[in-house]
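Report on the following structure.
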Amino acid sequence: MPSKKSSGDKDIHNDHYFQKVFDVTCLIPEGKVSTYGAIADFLALGSARMVGWALNQSHRQEHFIPAHRVVNRLGELSGRMHFATPTLMQERLEKEGVIVVNDKIDNINHYFWHPRELAEY
DNA sequence: GACCTGACGCCCC
DNA sequence: AGGGGCGCCAGGT
């Protein structure tokens, strides 16, 4: 019965939405960036905050998650303080050719990538 | 169990 | 154009 409060499908969903966020993040092409909102919209999470919350745990994953390619809708590096050093996120982006000025991506729509662009999905 | 705080985003001023 | 308010969902206190 769905009405039962026992841990069931919802918990399973919660356990897997982390992995879904990781999967989508790994699909962002090098040199491109996506946003919390776009990923949340694509996965129908209902809240962009959940994407940030998931990425906050991404460093615990065995496989490397290119979390530096996810920024907020303005192109700001809002997650930079959660990397090993405050400048690591910017360094990784610049290494991929993304121009960052004042902790913000210059002309984000030039680099923006939406998960919908994937034919597989 | 109420309350606060986030790697967000939209609306309003 | 920039700043504040509120909704959103999950976790921590």
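If you chain together hydrophobic residues whose side chains sit under 4.5 Å apart, A:Val101 and A:Val71 fall into the same group. Hydrophobic cluster membership differs between A:Val70 and A:Val100, with clusters built from Ile, Leu, Val, Met, Phe, Trp and Tyr side chains linked at under 4.5 angstrom.
Nucleic acid contact class of A:Asn56 (heavy atoms, under 4.0 Å, all strands): base. The residue A:Ala54 sits apart from the nucleic acid: no heavy atom pair falls under 4.0 Å.
Out of C:dA10, B:dG9, B:dA7, the shortest distance to the side chain of A:Ala48 is found at B:dG9. In this structure, of B:dA7, C:dG11, B:dG9, it is B:dA7 that holds the atom nearest to the side chain of A:Leu55.
Per the geometry, CG belonging to A:Leu45 stands 16 Å off C1' belonging to B:dG6, to the nearest Å. For A:Tyr17 and C:dG11, the OH to P distance is 6 Å, given to the nearest whole Å. Per the geometry, CD belonging to A:Gln90 stands 19 Å off P belonging to B:dA7, to the nearest Å. The interatomic distance linking A:Arg60 (CZ) with B:dA7 (C1') rounds to 16 Å, in whole Å. To the nearest angstrom, C1' of C:dC9 lies 14 Å from CG of A:Leu43. Distance, A:His82 NE2 to B:dG6 P: 9 Å, rounded to whole Å. The CG atom of A:Leu74 sits 12 Å away from the C1' atom of C:dG3 (whole-angstrom rounding). One can place CH2 of A:Trp53 at 12 Å from P of C:dA10, the figure rounded to the nearest angstrom.
Using P as the reference atom, C:dG2 and B:dA7 are 24 Å apart when rounded to the nearest Å.
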Check the interface with nucleotides 10-13 of chain B: list each N/O to N/O pair with the protein under 3.5 Å, or write none.
from, atom 1, to, atom 2, distance (Å)
B:dC10, OP2, A:Arg73, NE, 3.3

Show each protein N/O and nucleotides 4-7 of chain C N/O combination with a separation under 3.5 Å, one pair to a line.
from, atom 1, to, atom 2, distance (Å)
C:dG7, O6, A:Arg49, NH2, 3.3

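If you take CE on A:Met89 and CD on A:Glu94, they are separated by 12.0 Å, rounding to the nearest 0.5 Å. Note: A:Ser58 OG to A:His68 NE2 = 11.0 Å, rounded to the nearest 0.5 Å. Atoms CZ and CZ, from A:Arg60 and A:Phe22 in turn, are 9.0 Å apart once rounded to the nearest 0.5 Å.
Residues in residues 68-83 of chain A take part in these salt bridge (charged side-chain N to carboxylate O under 4.0 Å, His left out) pairs, two or more places apart or across chains: A:Arg69-A:Glu96, A:Arg80-A:Asp103.
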For residues 25-41 of chain A, which side-chain N or O atoms pair as donor and acceptor with protein atoms under 3.5 Å away, sequence neighbours left out?
from, atom 1, to, atom 2, distance (Å)
A:Thr25, OG1, A:Val21, O, 2.7
A:Ser34, OG, A:Trp113, O, 2.9
A:Thr35, OG1, A:Ala38, N, 3.0

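Applying the side-chain contact (heavy atoms from CB on, under 4.5 Å) criterion to A:Leu88, with sequence neighbours excluded, gives A:Phe83, A:Ala84, A:Thr85, A:Glu91, A:Arg92. Scanning for side chain to side chain donor-acceptor pair (under 3.5 Å) contacts around A:His110 gives an empty result, with sequence neighbours left out.
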